[in-house]
There are 2 protein chains.
Amino acid sequence: MEVVGEGADPRVRMWAPACQAVALLLGPYAEVVLHDPDADKVLAIWNPMTSRGPGDPSRLGELDALDPSALDVFGPYEKLLADGRRLSSVSAVLRDADGKASAVLCVNLDRTPLEQAAAVLSAFGAPTVARPEPLFEQDWSERIQHIVGAYVRECGRPVERLTRQDRLTVLDRLDEAKVFAVRRAAPVVAGVLRVSRSTLYGLLAELRASNAKDKTS
Amino acid sequence: MEVVGEGADPRVRMWAPACQAVALLLGPYAEVVLHDPDADKVLAIWNPMTSRGPGDPSRLGELDALDPSALDVFGPYEKLLADGRRLSSVSAVLRDADGKASAVLCVNLDRTPLEQAAAVLSAFGAPTVARPEPLFEQDWSERIQHIVGAYVRECGRPVERLTRQDRLTVLDRLDEAKVFAVRRAAPVVAGVLRVSRSTLYGLLAELRASNAKDKTS
DNA sequence: CTCCAACCTGGACGTAGAGTCCAGCCGTGG
DNA sequence: CCACGGCTGGACTCTACGTCCAGGTTGGAG
């Protein structure tokens, strides 16, 4: 836990536990700042997001309604950091036993990680309604290329120079993927595999006989 | 902002702004509790997750190291609610100007929404490697049922008693999904749509002519 | 009620393309 | 040299795709 400015001021000693607790809970994405409203300076800061430190000007002139009649809690409102990060911020006027405003607490929560996650989640949409096919269903020839390519990459040999056993394996995968249920797929596969249509059917028959035998055994 | 117990106790008046600020920032998923360490009772509570209220016993006997020598901040540690929700909790001992422990602050953050989101995100994995096909590619007849069923649900009418226009629309979607590129699909579609094979081809021809005309215009 | 038009239907038909078969052509190994 | 296993093009059959047509049915108009 990085903390700057602790212990110097009695006000800091009083409010530090609360500030530290919040900073601890919110991990690295929250900055907790304790301001001196009279001097308009930073008293202490936990998890600083910028290079601010104690003594730096607070610049919280906007919420200068520090009389006891007004509300003591502000926000959450949005802040923007120089690097574009969006913050959710809340502020609270902290008063001592006399009712005098002794400090101002600001908690700045970096929303960007949450917003990125939310973007992914919302883009996920309704999975059962969304169509996954434009890539896969559409272009079954692409799929053939993909399966064959994967095997070639797998065993290192180029597309040509594949052993008979290799072709059997690839054909098994293609058959497993129901590739041959789509019209006109056989000639395409034969072309990709650099094999004649006859050979293709030969290998396929051999394969299916073998698979059937495995099933009965 | 739901808050219970405000204003009664001077300690509540002192710490309320900080508590309220945290409760505001963390929205509905954080509960902020202010305890009386002497009476071991709840002083005030923001966004209560259970039915606890002011005056109820605090039961925070575990962190009874309330002497000034020990650390004043505890956690984050894990808590379990009766309904199974997992909480991240932090506690802080709040002291008055004399150094006397006047209150204990507890912030309980419900982690379940975040954990659910994280589970979705991690399950997302590597999208280009994962295969979405075992459900869709495999069973194209299931897909037909799905598309037709979706439309039926959409317009309310039962599978039968569909108007000609409806059938045209459904067929357009099926054709768009390249369903008719797979062998033997046409008879299945005709069966599902309660239409003869001839009619199916008739509607399909009509549809494709219309689409082609739209393209040229 | 009749008539008519639009539509659906079963069935017949032509054809593309799936799958089989075979004779011939290579390679490799004896 | 031959023998042999495997690949090849081509011819063949048959499935099933897509078209067409002659009926039958429905529903609305007269």
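What you see below is based on every heavy atom in this structure, not just the backbone, and it leaves out hydrogens, waters and symmetry mates. Protein chains get the first letters and strands the later ones, always in sequence-line order, with residue 1 at the start of each.
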(request) Check whether any side-chain N or O of Asn108(A) sits under 3.5 Å from a backbone N or O of Ser89(A) as a donor-acceptor pair, and report yes or no. (result)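 No, the answer is negative, given that no donor and acceptor are paired below the 3.5 Å cut-off.
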(request) Keeping the roles fixed (side chain from Glu31(A), backbone from Pro48(A)), state whether a donor-acceptor pair exists under 3.5 Å. (result)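 Here the side-chain-to-backbone pair does not exist.
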(message) I need a per-nucleotide contact map over nucleotides 13-23 of chain D, read 5' to 3'. Cutoff is protein heavy atoms under 4.0 Å; write B for the base, S for backbone only, - otherwise.
(response) ---SBBBB---
(request) Could you tell me from which nucleotide to which nucleotide of DNA chain C, 5' to 3', there is an atom under 4.0 Å from chain B heavy atoms? (result)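 Reading along DNA chain C, I get dC7(C) to dA18(C).
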(message) Using 0.5 Å steps for rounding, measure from the CD1 atom of Ile144(B) to the CG atom of Leu193(B).
(response)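 Atom-to-atom, Ile144(B):CD1 and Leu193(B):CG are 10.0 Å apart.
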(request) Using whole Å, report how far CZ of Arg167(A) lies from P of dT8(D). (result)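 The distance from CZ of Arg167(A) to P of dT8(D) comes to 8 Å, rounded to the nearest Å.
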(request) Using whole Å, report how far CZ of Arg164(A) lies from C1' of dC4(D). (result)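 So the CZ-C1' distance, Arg164(A) to dC4(D), works out to 13 Å.
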(request) Determine, for Arg167(A) against Glu206(A), whether the closest basic-nitrogen to carboxylate-oxygen distance falls under 4.0 angstrom. (result)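 No.
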(request) Could you pull out the closest heavy-atom pair between Asn47(B) and Ala30(B), with the gap in Å? (result)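 Taking every non-hydrogen atom into account, CB-O, 3.1 Å.
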(message) Tell me the closest heavy-atom pair linking Ser91(A) and Cys106(A), and the distance in Å.
(response)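 Residues Ser91(A) and Cys106(A), closest heavy atoms: OG-SG, 3.1 Å.
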(message) Please identify which of these residues, Leu43(B), Leu94(B), Val104(B), meets the side chain to side chain contact (heavy atoms under 4.5 Å, CB included) condition with His35(B).
(response)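 Result for side chain to side chain contact (heavy atoms under 4.5 Å, CB included) with His35(B): Val104(B).
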(request) Going by the side chain to side chain contact (heavy atoms under 4.5 Å, CB included) test, name the single residue among Leu26(B), Leu105(B), Leu109(B), Leu24(B) that passes it with Val32(B). (result)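 Looking at Leu26(B), Leu105(B), Leu109(B), Leu24(B), the match for Val32(B) under the side chain to side chain contact (heavy atoms under 4.5 Å, CB included) is Leu105(B).
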